[in-house]
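We count residues from 1, following the sequence as given.
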Amino acid sequence: DVFLRATLWALDLIPESCDVKGSGCDWLSLPSAWRYVWNNLRLAVLGAQRHHNATAMWQTAQTADEEFEDLESRLGQIHRLMDRLGEDPGLWYSNWHRAS
C-alpha cells in the first residue's frame, strides 16, 4: 500500500530523540512531519479496511470492522492531540513525549 510505505518512509526521517524532552530534535519541523506520518497511517488503515471488507466473509468482516473502529478511534485521539498542539513548537516539546 502506497500510504503505508509513505508512513514508514517519513517515520524513518524523524529521529527517535524527538520522543523525549531536551533532545537534539528539530521541534520547528516536527509538527508537519508527524502529521504526514499519522495522516498516511490513517489512510493506510482505511485502505486495509476497505480491502478486507471486499474480500472477507460477513462474520469475519464484522469482527474486523470492530477492530478497525477501535484502531480508527485511537488514531483519532492522536489527531485531536496534534490539532490542539497546532504549530507551536513549545507545545510539541512540552507534550509530545507523553503521546509517543
Side-chain angles (χ1 to χ4, degrees):
D1 175 78
V2 68
F3 294 113
L4 183 56
R5 285 193 305 269
T7 299
L8 296 174
W9 171 79
L11 186 59
D12 281 343
L13 299 177
I14 300 173
E16 286 185 35
S17 62
C18 291
D19 288 342
V20 294
K21 281 179 131 179
S23 60
C25 181
D26 178 7
W27 292 98
L28 294 175
S29 63
L30 188 67
S32 297
W34 273 119
R35 279 192 182 87
Y36 186 84
V37 168
W38 285 99
N39 286 335
N40 278 290
L41 180 59
R42 181 174 261 182
L43 291 170
V45 168
L46 182 61
Q49 180 184 22
R50 288 180 180 159
H51 175 74
H52 179 79
N53 286 347
T55 59
M57 299 180 86
W58 185 81
Q59 288 179 329
T60 304
Q62 185 176 6
T63 302
D65 279 346
E66 293 168 0
E67 292 172 2
F68 278 117
E69 286 176 13
D70 182 52
L71 182 55
E72 287 176 342
S73 173
R74 291 172 189 231
L75 289 172
Q77 291 174 356
I78 296 294
H79 276 274
R80 286 188 293 280
L81 171 64
M82 291 187 304
D83 287 344
R84 285 194 303 273
L85 298 178
E87 296 295 325
D88 185 331
L91 289 176
W92 281 83
Y93 175 80
S94 301
N95 295 287
W96 187 250
H97 67 282
R98 292 184 196 133
S100 63

Can you tell me how far CH2 of W34 sits from CG of L11, rounded to the nearest 0.5 angstrom? 5.0 Å
Side chains of F3 and L41: closer than 4.5 Å at any heavy-atom pair? no
Taking only residues two or more places apart in sequence, or in another chain, which ones meet S32 in a side-chain hydrogen bond (donor to acceptor under 3.5 Å, both in side chains)? none
Donor-acceptor contact present, side-chain W38 to main-chain T7, <3.5 Å: no
Would W92 and M82 count as a side chain to side chain contact (heavy atoms under 4.5 Å, CB included) here? Give the steps. CA-CA 8 Å; W92 281 83; M82 291 187 304; 3.6 Å; yes
Which residues share a side-chain contact (heavy atoms from CB on, under 4.5 Å) with N39, sequence neighbours left out: R35, H79
Of the non-hydrogen atoms in P31 and G86, which two are nearest, and what is the gap between them? CB-O, 3.9 Å
With clusters built from Ile, Leu, Val, Met, Phe, Trp and Tyr whose side-chain heavy atoms come within less than 4.5 Å, directly or transitively, what are the remaining members of the cluster of L28, listed by chain and number? none
Only counting residues at least two apart or in another chain, list the ones meeting side-chain hydrogen bond (donor to acceptor under 3.5 Å, both in side chains) with D1. none
Among residues at least two apart in sequence or on other chains, which ones pass side-chain contact (heavy atoms from CB on, under 4.5 Å) with L8? L4
Could you work out, with side-chain contact (heavy atoms from CB on, under 4.5 Å) as the rule, every residue matching L81, not counting sequence neighbours? R84, L85, W96, A99
Pairing residues for R5 by the side-chain contact (heavy atoms from CB on, under 4.5 Å) criterion, not counting sequence neighbours: V2
When rounded to the nearest 0.5 angstrom, what is the spacing between CD1 in I78 and CG in D83? 11.5 Å
What one should report as the nearest heavy-atom pair of P89 and W27 is CB-O, 3.6 Å
Gap between atom CG of D88 and atom OG of S94 - 0.5 Å precision: 8.0 Å
Among pairs that include at least one residue of residues 70-80, which meet salt bridge (Lys or Arg N to Asp or Glu O under 4.0 Å), considering only residues two or more places apart or in two chains? D70-R74
